[in-house]
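What follows is one structure encoded as structure tokens, with my remarks underneath.
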Amino acid sequence: MESLYIMALKRFGVSLEEEVLESLDQYVIDNRFANRSQAIRFLIEKNIAEKKWQCNHLVAGTIIIMFDQGKKEISAKITAIQGSYKEVILSSSQYYINKNFCLHIVTVMGTAHRLTELSDKLTTIKGIKHGKLVMSRAD
């Protein structure tokens, strides 16, 4: 029989200035959270993950880059850079969005410093239209 892990919720009161509360409510709307609690929980988890990145703990995530697929030198540079980071790359995929653009996704796991270093090298290749690293704690 499969057991379910259910985390007990604890309730507490929070006092906020009106402007901060309005900003929180707008954040809930903008990010389509079900309620304030969900938004606060997300922000706390995000803060914890970011602290772990700064402490260089083990993290996992994705690096997403968009580029003009007609520029073959970009693909060659991506391949060369990724070759130096094999120990942190779990997978790498390319999706051709249309005749002009390619979406390249790299799934990674390692120390925050190493993943940030890889992301910086990939996203600063000349011709990359957009690049972003998203990480979350992995321990």
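Small disclaimer: the values here were computed from a predicted structure and weren't measured.
- Under the 4.5 Å side-chain contact rule for hydrophobic residues, I125 and I64 do not share a cluster.
- Within the model, atoms CD1 of I78 and CD1 of I63 stand 10.5 Å from one another, a figure rounded to the nearest 0.5 Å.
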Let me check something: any side-chain donor-acceptor pairs from residues 97-112 under 3.5 Å, sequence neighbours excluded? List them with distances.
residue : atom : partner : partner atom : Å
N98     : OD1  : N100    : N            : 2.7
N98     : OD1  : F101    : N            : 2.8
H104    : ND1  : Q94     : OE1          : 3.1
H104    : NE2  : Q82     : OE1          : 2.8
H104    : NE2  : S92     : OG           : 3.1
T107    : OG1  : S91     : OG           : 3.2
T111    : OG1  : R114    : N            : 3.4

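- V14 and I44 fall within the same hydrophobic cluster, defined by Ile, Leu, Val, Met, Phe, Trp and Tyr side-chain heavy atoms under 4.5 Å apart, directly or through other members.
- Counting only residues at least two apart or on different chains, no side chain to side chain donor-acceptor pair (under 3.5 Å) pair has a member in residues 62-75.
- With values rounded to the nearest 0.5 angstrom, L16 atom CG is found 7.0 Å from I40 atom CD1.
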Identify every side-chain donor-acceptor pair in residues 127-134 under 3.5 Å, counting partners at least two apart or on other chains, and give the distances.
none

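- Taking every heavy atom of both residues into account, V59 and M135 meet most closely at CG2-SD, 3.4 Å.
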Side-chain donor-acceptor contacts of residues 18-28 below 3.5 Å, not counting sequence neighbours, with atom names and distances?
residue : atom : partner : partner atom : Å
S23     : OG   : E19     : O            : 3.1
D25     : OD1  : R36     : NE           : 2.6
D25     : OD1  : R36     : NH2          : 3.2
D25     : OD2  : R36     : NH2          : 2.9
Q26     : NE2  : D30     : OD1          : 2.7

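- With sequence neighbours excluded, no residue forms a side-chain hydrogen bond (donor to acceptor under 3.5 Å, both in side chains) with K77.
- Within the 4.5 Å cutoff, no side-chain heavy atoms of R41 are placed close to those of F33.
- I74 is not connected to Y96 by any chain of hydrophobic side-chain contacts under 4.5 Å among Ile, Leu, Val, Met, Phe, Trp and Tyr, and they are in different clusters.
- Residues I89 and L118 have side chains in contact (heavy-atom distance under 4.5 Å, counting atoms from C-beta outward).
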